[in-house]
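Here is the structure we will look at.
All values reported here derive from a predicted model rather than from experimental measurement.
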Amino acid sequence: RVQELVAKVASVPEGVAWHFIGRLQTNKVRQLLTQVPVALIHSMDRPALAERISAEAVRLGRVQAVLVQVNVSGEATKAGVTVGEVRDFVRWAAGLPGLAVRGLMTMAPLADDAEAARPHFRTLRSIFLAIKEEGIPGVRMEHLSMGMTNDFVVAVAEGATIVRIGRAIFGEVKPGGGR
């Protein structure tokens, strides 16, 4: 959450490369970009959010690096552009000032067997490589963010360059947000 991140930034030494992971509400973009030196937003998942990030980055006179979140599984409970929309969305977002598309992100369905995530990671890697090969101006496919504590080994095997293993480091989040 933006509020949590803003509160924690002051207690961490300078020089940290902050990544914003999670659903970003359009009404929180200004707070995030003005109060946190965000190196990468992992969850640009819809046109309204892309436009808001673009407008705020332009207002601040900078370019914001983002990953496009793709809902590879098609689950209604997951955010992200669909597999069929991602290439057009990336082309469109590349034309927005103040945005720098640097890769793709997905969240596989939670499963007891990490291997169940492999087809989702393989699909995202295939899309990533196709977009990279297309050479869209303003787009650099550098990052493939996929895999969490339960399936990061499979994600790395399928090409992940960023894994999100917070639970393995910090433990489970308790109801109410505590650890």
Side-chain angles (χ1 to χ4, degrees), residues 1-2 19-29 32-33 38-57 63-167:
R1 294 188 181 113
V2 172
H19 288 211
F20 185 84
I21 300 169
R23 183 124 173 122
L24 180 57
Q25 297 172 315
T26 56
N27 66 345
K28 299 291 185 184
V29 170
L32 178 66
L33 295 187
V38 183
L40 187 62
I41 295 173
H42 284 240
S43 50
M44 191 175 77
D45 62 353
R46 59 199 183 281
L49 181 59
E51 289 170 340
R52 184 73 177 115
I53 294 169
S54 167
E56 195 58 32
V63 175
Q64 180 59 58
V66 297
L67 301 180
V68 173
Q69 183 172 350
V70 183
N71 184 346
V72 176
S73 68
E75 290 177 277
T77 58
K78 293 216 184 329
V81 298
T82 67
V83 168
E85 297 169 330
V86 66
R87 289 173 86 163
D88 287 340
F89 183 79
V90 167
R91 283 186 212 105
W92 170 80
L96 293 175
L99 275 187
V101 177
R102 295 295 176 248
L104 305 176
M105 183 276 264
T106 198
M107 293 178 61
L110 289 176
D112 291 333
D113 179 10
E115 283 298 320
R118 190 177 298 276
H120 303 286
F121 297 152
R122 191 168 283 158
T123 296
L124 190 67
R125 181 170 181 252
S126 174
I127 296 166
F128 173 88
L129 292 173
I131 292 171
K132 188 174 191 171
E133 188 174 297
E134 193 172 329
I136 301 166
V139 173
R140 288 199 330 247
M141 287 284 123
E142 299 173 332
H143 303 294
L144 194 51
S145 177
M146 56 188 191
M148 299 188 340
T149 297
N150 59 314
D151 56 16
F152 76 91
V153 172
V154 174
V156 170
E158 290 298 331
T161 62
I162 299 173
V163 293
R164 303 172 307 272
I165 55 170
R167 252 183 310 123

Seminar exercise, completed: By side chain to side chain donor-acceptor pair (under 3.5 Å), Asp88 pairs with (sequence neighbours left out) Arg91

Exercise. Can you list the residues that meet the salt bridge (Lys or Arg N to Asp or Glu O under 4.0 Å) rule with Lys28, with sequence neighbours excluded?
Worked result: none

For this session: Compare all side-chain heavy atoms of Val29 with those of Ile41 and state whether any distance is below 4.5 angstrom.
Result: no

Problem set entry | Backbone of Pro97 reached by a side-chain donor or acceptor of Ser54 within 3.5 Å | yes

Exercise. Please, which pairs that meet ring-ring contact (aromatic ring centres under 6.0 Å, His included) have at least one residue in residues 70-116, sequence neighbours excluded?
Worked result: Phe89-Trp92

Problem set entry | Atom pair CG/CG of Leu32 and Asn27 - distance to nearest 0.5 Å | 11.5 Å

For this session: Report yes or no: does Thr161 contribute a side-chain atom to a donor-acceptor pair with the main-chain N or O of Leu144 at less than 3.5 Å?
Result: yes

Problem set entry | Evaluation steps, side-chain contact (heavy atoms from CB on, under 4.5 Å), between Asp45 and Arg23 | CA-CA 8 Å; Asp45 62 353; Arg23 183 124 173 122; 2.5 Å; yes

Problem set entry | Sole residue of Val86, Val83, Leu104 in side-chain contact (heavy atoms from CB on, under 4.5 Å) with Leu124 | Leu104

Exercise. If you take all heavy atoms of Ala79 and Gln69, which pair is closest and at what distance?
Worked result: O-NE2, 3.3 Å

Seminar exercise, completed: Sorted by chain and residue number, the salt bridge (Lys or Arg N to Asp or Glu O under 4.0 Å) partners of Arg46 (sequence neighbours excluded) come out as none

Problem set entry | Minimum side-chain heavy-atom gap Met44-Leu99 below 4.5 Å | yes

Problem set entry | Listed once per pair and sorted, the ring-ring contact (aromatic ring centres under 6.0 Å, His included) pairs that draw on residues 95-129, sequence neighbours left out | none

Seminar exercise, completed: The reported gap from CD in Gln25 to CZ in Arg52 (rounded to nearest 0.5 angstrom) is 12.5 Å

Problem set entry | Results of salt bridge (Lys or Arg N to Asp or Glu O under 4.0 Å) for Glu85 - residues two or more places apart only | none

Problem set entry | Under the ring-ring contact (aromatic ring centres under 6.0 Å, His included) test, residues paired with His42 that sit two or more places apart | His19

For this session: Identify the heavy atoms of Leu33 and Ile53 that sit nearest to each other, and give their distance.
Result: CD1-O, 4.2 Å

For this session: Would you mind reporting whether Val81 and Val70 have side-chain heavy atoms less than 4.5 Å apart?
Result: yes

Seminar exercise, completed: Arg125 meets the salt bridge (Lys or Arg N to Asp or Glu O under 4.0 Å) criterion, sequence neighbours left out, with none

Exercise. Which pair of heavy atoms, one from Gly147 and one from Ala155, lies closest together, and at what distance?
Worked result: CA-CB, 3.5 Å

Seminar exercise, completed: Correct closest heavy-atom pair for Ala100 and Val63 would be CB-CG1, 3.6 Å

Exercise. Is there a donor-acceptor pair closer than 3.5 Å between any side-chain N or O of Thr123 and the backbone N or O of Pro119?
Worked result: yes

Seminar exercise, completed: Correct closest heavy-atom pair for Pro137 and Ala94 would be O-CB, 3.6 Å

Problem set entry | Separation of Glu158 CD from Arg122 CZ (nearest 0.5 Å) | 4.0 Å

Exercise. Met141 versus Val101: any side-chain heavy-atom pair under 4.5 Å?
Worked result: yes

For this session: Report the distance from atom CG of Asp113 to atom CZ of Arg118, rounding to the nearest 0.5 Å.
Result: 10.0 Å

Exercise. Can you list the residues that meet the side chain to side chain donor-acceptor pair (under 3.5 Å) rule with Gln64, with sequence neighbours excluded?
Worked result: Arg62

For this session: Could you list the residues that satisfy side chain to side chain donor-acceptor pair (under 3.5 Å) with Ser73, not counting sequence neighbours?
Result: Asn71, Glu75

For this session: Can you sort out the partners of Ala116 under side-chain contact (heavy atoms from CB on, under 4.5 Å), two or more places apart, ordered by chain and number?
Result: Ala111

Problem set entry | side chain to side chain donor-acceptor pair (under 3.5 Å) involving Arg87 - partner list, sequence neighbours excluded | Glu134

